[in-house]
There are 2 protein chains.
Amino acid sequence: MKNVREKILEAATDLFDTRGINASGIDLIIAQSGIAKSSLYKYFPSKNQLIVEYLKEKSARFYSWLNTKLETQKATSAEILFELCELLEQWISTPEFQGLPFHIASVEFPDPTHPVNNCSVELSKELQNYLADIAKEAGVKEAYTLAQQLAIIFEGGAMLERLSPGSGAAKKAKSAAITLIKSYL
Amino acid sequence: MKNVREKILEAATDLFDTRGINASGIDLIIAQSGIAKSSLYKYFPSKNQLIVEYLKEKSARFYSWLNTKLETQKATSAEILFELCELLEQWISTPEFQGLPFHIASVEFPDPTHPVNNCSVELSKELQNYLADIAKEAGVKEAYTLAQQLAIIFEGGAMLERLSPGSGAAKKAKSAAITLIKSYL
DNA sequence: AACATATCAGACAGATCTGTACGTTTGATT
DNA sequence: AATCAAACGTACAGATCTGTCTGATATGTT
């Protein structure tokens, strides 16, 4: 038997990803997860908290997937950057991909004082720091600049792939990223 | 005296840009524009129609600004691509910039059958076609591929600049785009 | 068997949003 | 001055959403 909290997060994740956050009401989430409304509010004191947990879990799953894939490769120095591009393309290209969650959340909650917006900004910076660490490992001097540019390219690619699925945006983002990386080596 | 229709669109544009679309209710729009609710529904039969008109006008203003700037330059062949990058950086870097409207609209209305989403997808493709035309003029062979990659870079840059204003995302998008363009020449 | 705890089911309050209706006021034209 | 259309102001219907509350039901422990 699955944990009640897990069931809620799973249903919420599914709905947030496919319908958007604001369009996924509490009643819809409890209907999908099969749990009672009072149970939801027992584990998550507010919808905002649920959204933040959703964002953090999506992020954690992404880094977990990326780290294990990168570790198994054991690529040395610069090779790891190209492997990274390959993996990011894969991540964006899966049919289940629906756009970067913190992207969508920041658009749906544009108020800079809103906790969901704050969380989104934090996760966006975390991604850049993650990419910068890899760039540093690869021996790139201006690691942070490259990291920010890679973030731009893959976030843009994610956005366009979501807007026009099957347009090959992920693939073109990858090749653009590779061209850029080579100019830094 | 300003046209009533113009006053509505102006107020709606201001609110949509700064607060987002769903967070800008009809009552707020009429309060800001100083017109009556019945007048709004006379000129725009629904909020969806108003949003679509807003998107189209923002798009038209963007291309109008870009075209006049590009024409005055009279750049020849490949030069026009670099001038384009300079202008796109400028567009994204202005303090009033709040993200690409069709981007935000497509996130707030993710349903593919919704008229606002349809309009967003259309405008996204229009941007790619516009960029492709310039790339063709510049003599790039794979003009459409480059156009899609430029769209990725500047849409990503726009997103990151909006998420973390002042982070220099626009500038880094420009330099990444220039590196990419050079690889095509 | 009895009790305690977790979960369920659903009604409800309070707020908000879109779109309609209706009577009043303004302003331009004849 | 009289008329007429446009715009105003506001109330209201109907829908939806978050979060609370209450009582019923299930589960597990002693």
Side-chain angles (χ1 to χ4, degrees), chain A residues 1-55 104-105 107-111 113-120, chain B residues 1-55 104-105 107-111 113-120:
Chain A
M1 190 56 181
K2 211 171 289 183
N3 195 348
V4 172
R5 196 191 133 98
E6 279 174 20
K7 283 204 286 187
I8 299 168
L9 249 183
E10 192 178 311
T13 297
D14 197 40
L15 290 168
F16 289 166
D17 284 345
T18 54
R19 302 188 175 213
I21 300 172
N22 281 323
S24 303
I26 296 291
D27 287 333
L28 197 59
I29 294 170
I30 65 172
Q32 176 112 344
S33 60
I35 58 101
K37 188 182 281 195
S38 36
S39 299
L40 188 150
Y41 279 98
K42 180 186 171 187
Y43 289 99
F44 303 94
S46 69
K47 192 187 178 183
N48 285 341
Q49 283 290 328
L50 174 60
I51 298 166
V52 167
E53 297 292 329
Y54 150 75
L55 289 174
I104 287 151
V107 172
E108 291 207 60
F109 299 87
D111 178 2
T113 69
H114 196 284
V116 171
N117 189 283
N118 289 338
C119 181
S120 300
Chain B
M1 190 54 181
K2 211 172 289 183
N3 196 348
V4 171
R5 196 191 134 98
E6 279 174 20
K7 283 204 287 189
I8 299 169
L9 249 183
E10 192 177 311
T13 298
D14 198 41
L15 290 168
F16 289 165
D17 284 345
T18 55
R19 302 189 176 211
I21 298 173
N22 281 325
S24 304
I26 295 291
D27 288 333
L28 197 58
I29 294 170
I30 65 172
Q32 175 114 344
S33 60
I35 57 101
K37 188 182 280 195
S38 34
S39 299
L40 188 149
Y41 279 99
K42 179 186 170 188
Y43 290 100
F44 303 95
S46 70
K47 191 187 179 185
N48 285 341
Q49 282 290 327
L50 174 60
I51 297 167
V52 167
E53 296 292 328
Y54 150 76
L55 288 174
I104 288 152
V107 172
E108 291 206 60
F109 300 86
D111 177 2
T113 69
H114 195 285
V116 171
N117 189 282
N118 289 339
C119 181
S120 300

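Letters go in sequence order (proteins before strands), and every chain restarts at 1. All of these numbers come straight from a predicted model, not from anything done at the bench.
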At a cut-off of 3.5 Å, list every protein nitrogen or oxygen paired with a nitrogen or oxygen from nucleotides 13-15 of chain D, distance to 0.1 Å.
none

Checklist entry - NA contact type, B:F44, heavy-atom cut-off 4.0 Å: base, sugar-phosphate, or nothing? => result nothing
Next on the checklist: So B:K47 and B:L40, do their side chains get closer than 4.5 Å, heavy atoms only?
Outcome noted: no
Next on the checklist: Are A:N117 and A:D111 packed together at the side-chain level, in the sense that at least one heavy-atom pair is separated by less than 4.5 angstrom?
Outcome noted: no
Checklist outcome for this item: Rounded to whole Å, NZ of B:K42 lies from P of D:dC8 at a distance of 10 Å
Item to check | Non-hydrogen side-chain atoms of A:I29 and A:F16 separated by less than 4.5 Å | outcome: yes
Checklist entry - Whole Å only: how far is the CG atom of A:L40 from the P atom of C:dT7? => result 12 Å
Checklist entry - Can you find a heavy atom in the side chain of B:Y43 that is under 4.5 Å from one in the side chain of B:L9? => result no
Checklist entry - What's the NZ-P distance between A:K7 and C:dA6, to the nearest Å? => result 16 Å
Checklist outcome for this item: When rounded to whole Å, the CD1 to C1' distance for the pair B:I30 and D:dA11 reads 12 Å
Checklist entry - Does some side-chain heavy atom of B:Y54 sit less than 4.5 Å from a side-chain heavy atom of B:D17? => result yes
Item to check | Approximate separation, where rounding is to 0.5 Å, of B:I104 CD1 and A:I104 CD1 | outcome: 13.0 Å
Next on the checklist: Given 3.5 Å as the limit, does a donor-acceptor pair link the side chain of B:E108 with the main chain of B:N22, or not?
Outcome noted: yes
Checklist entry - A:I29 has an atom CD1; how far is it from atom P of C:dC8, in whole Å? => result 15 Å
Review item, nucleotides 18-23 of chain C N/O atoms under 3.5 Å of protein N/O:
| unit_1 | atom_1 | unit_2 | atom_2 | d |
| --- | --- | --- | --- | --- |
| C:dT18 | OP1 | B:K47 | NZ | 2.7 |
| C:dT18 | OP2 | B:I26 | N | 2.6 |
| C:dG19 | OP2 | B:Y41 | OH | 3.1 |
| C:dG19 | OP2 | B:K47 | N | 2.9 |
| C:dG19 | O6 | B:K37 | NZ | 2.8 |

Item to check | Test item: B:R19 and B:L28 side chains (from C-beta on) under 4.5 Å apart, heavy atoms | outcome: yes
